[in-house]
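So the structure is just underneath, and the comments pick up after that.
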Amino acid sequence: MIETIATLLASVLLVLGSLLCLIGAVGFFRFPDFYTRVHASSVTDTLGAGMILVALMLLSDSTIGTFKLVLILLFLLITGPTAVHALVKSAVTMGVLPGIETEEIVVRSDGNSSSKPS
Amino acid sequence: MIVIGTLITILVVMIIALARAFIGPTLPDRILAVNLIGTKTVLLIAIAAHLYGSSEYLDIALVYALINFISIIGALQYFEQNARNRGKS
Amino acid sequence: MLLVTACALIHLRDLVALVMLAGIFSLVAAGLFIVMDAADVAFTEAAVGAGVSTLLMLKALTLTGAKQASAVSRPYQALFTIVLLGGLLIYGTHDLAPYGSPDGPSQQHVAPHYLENSIKETGVPNVVTAILATYRGFDTLGELFVIFTAGLGVMALLDGSGKRLGRTQALMSEHVVLRVVAKMLLPLILIYAFYVQFHGEYGPGGGFQAGVIFAAGLILYVILFGPGAGRKVLSDKTTRTLAAIGVLLFSGVGLVSMFSGAPFLDYSVLAEDAVTGQLAGILLVELGVGITVAAVVFRIFLEFDDREPLQKEGEP
């Protein structure tokens with residue numbers, strides 16, 4: 001009885017998690033500016049990964065496997081958002097400015113691009 | 001079944017991120033795409049561990065999560081140093 | 001996909017993209033190894049190829065500049081020789097047994113012996129570790145010497161040339177959140193390195209992987225807190241000594257066996273009964289490997305850091 005509840009819950013979590021990752025990836029592809037892309041990808045990425053890992057925990061049949069999955073989940077939860085935060089901070093140093101990218105993307109001499117307001 | 005479906009979805013996500021890594025006009029776009037691919041790889045290895053039935057591969061997933069994090073930080077340091085040197089000269 | 005990446009690698013001239021692409025190549029190779037059910041090899045490929053190699057090569061690029069110099073001559077003779085030899089090699093592979101067939105010579109002679117007898121003879125469940133440390137221990141000693149020599153080479157070549165910039169502060173000193181999180185994570189990373197080192201006899205792991213993870217943790221510390229802080233943790237003299245201690249440990253175990261009357265690196269004479277001796281030998285030998293790898297990788301990163309570029313950007 002408890003196994004079927006666990007399997008059902010795990011299936012729901014797997015579907016939700018993969019859907020969330022897919023939505024995040026589509027957003028990452030289609031959003032018009034770097035900073036909006038960061039919003040789309042990082043939040044959905046972490047939560048989707050969390051859901052998939054919890055689902056795998058419910059499906060796993062060894063205690064040591066579950067413990068390792070808990071460790072992976074904790075590590076992803078801590079380092080995922082931190083890495084993206086550091087990336088955004090570095091992006092400011094590298095000269096990427098917020099602003100919707102229009103058709104004309106000006107490539108500056110340092111190889112990064114900024115948008116010309118149309 | 002559903003696990004295979006999740007596997008395929010994660011592969012699709014990685015392909016989309018790869019496309020953005022090629023297109024993305026700015027450099028941080030590409031680094032973000034690499035970060036995304038790295039996190040998805042960790043999930044892929046965890047699912048592969050589940051499909052194989054042994055918990056040994058989860059060690060590899062943990063190591064790769066760690067390596068992904070440290071590589072991104074290392075790459076950030078390099079690009080920041082570059083941008084600062086260009087800014088100075 | 002490996003083929004596409006390799007072709008792109010040869011074609012690209014921008015060295016930074018090359019380094020990233022090499023990381024992706026290693027990642028795909030690691031995935032291939034996982035599919036082939038080779039856990040230890042995938043572990044090492046993921047840790048070394050996708051991680052530490054990228055970090056060290058990026059650091060080297062800060063010294064040399066990021067554009068590949070154009071070739072000054074057309075090496076036609078070399079091309080001809082390579083095509084000829086490569087063709088001969090490919091022709092020679094027709095005589096090998098089909099990939100993965102159970103009748104091939106590589107599956108017939110020593111492999112069944114290792115697979116069937118390793119637990120009885122060494123007491124170690126992980127066959128890969130048993131092969132690396134006991135059955136083919138001499139090869140592993142050679143690999144350890146290669147890593148030690150690489151470290152020695154970097155220390156010797158870079159000690160004299162180029163000025164130290166004398167900067168003790170980190171480049172990334174403004175990333176406050178990152179510093180706090182990294183300080184939290186660092187003890188866990190180091191404990192995980194110890195786990196991989198000593199658990200390598202039961203699951204994937206062992207000396208090389210553990211050394212790389214240990215060095216990666218310390219490299220994270222150096223990136224965020226500066227080479228000065230890194231040198232306070234492990235000074236230059238300490239890393240030099242540690243690298244030598246690891247190699248001495250490995251060869252020392254071999255010498256002890258030799259003085260006890262057995263061939264070099266035969267561990268069964270190290271204790272009262274053969275299996276305990278093998279276990280003790282494997283433990284000590286893997287420890288030596290881990291110590292040297294960690295010390296050498298960390299030292300190479302520190303050597304590349306904090307230096308004036310040896311070549312100005314834009315010069316060939």
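Predicted model only: the values in this text are computed from it and were never measured. Here is the naming used below: chain letters follow the sequence lines, and residue numbers restart at 1 for every chain.
- Inspection of the C:His175 and B:Gln77 side chains reveals no N or O donor paired with an N or O acceptor under 3.5 Å.
- Taken from OH in B:Tyr52 to CD1 in C:Ile34, the straight-line distance is 8.5 Å, to the nearest 0.5 Å.
- To the nearest 0.5 Å, atom CG of residue C:Leu178 and atom CD1 of residue B:Ile73 are 4.0 Å apart.
- Both the backbone and the side chain of C:Leu58 come within contact range of chain B, each with at least one heavy atom under 4.5 Å from a heavy atom of that chain.
- Put simply, of B:Leu66, B:Ile70, B:Asp59, B:Leu62, the one with the most heavy-atom pairs under 4.5 Å next to chain C is B:Asp59.
- Minimum interatomic distance between B:Glu56 and C:Gly203 (heavy atoms only, all atoms of both residues): OE2-CA, 4.4 Å.
- The line from OH of B:Tyr78 to CD1 of C:Ile223 is 14.0 Å long, rounded to the nearest 0.5 Å.
- One finds the CG atom of C:Leu27 at 9.5 Å from the CG atom of B:Leu44 (value rounded to the nearest 0.5 Å).
- Looking at B:Ala49, neither its backbone nor its side chain comes within 4.5 Å of chain C, counting heavy atoms on both sides.
- For a residue to count as touching a neighbouring chain, one of its non-hydrogen atoms must lie under 4.5 Å from one of that chain's; by this rule C:Tyr195 touches chain B with the side chain only.
- Proximity to chain C (any heavy atom under 4.5 Å) is restricted, for B:Ile45, to the side chain, taken from C-beta onward.
- When all heavy atoms of C:Gly51 and B:Ser71 are compared, the pair lying nearest together is CA-OG, 3.8 Å.
- Here C:Ser53 contributes atom OG and B:Ile67 contributes atom CD1; the two are 10.0 Å apart, rounded to the nearest 0.5 Å.
- Here the straight-line distance linking atom CD1 of B:Ile60 with atom CD of C:Glu45 works out to 11.0 Å at 0.5 Å rounding.
- Nearest approach of C:Ala50 to B:Tyr64, heavy atoms of both residues: CB-CE1, 3.9 Å.
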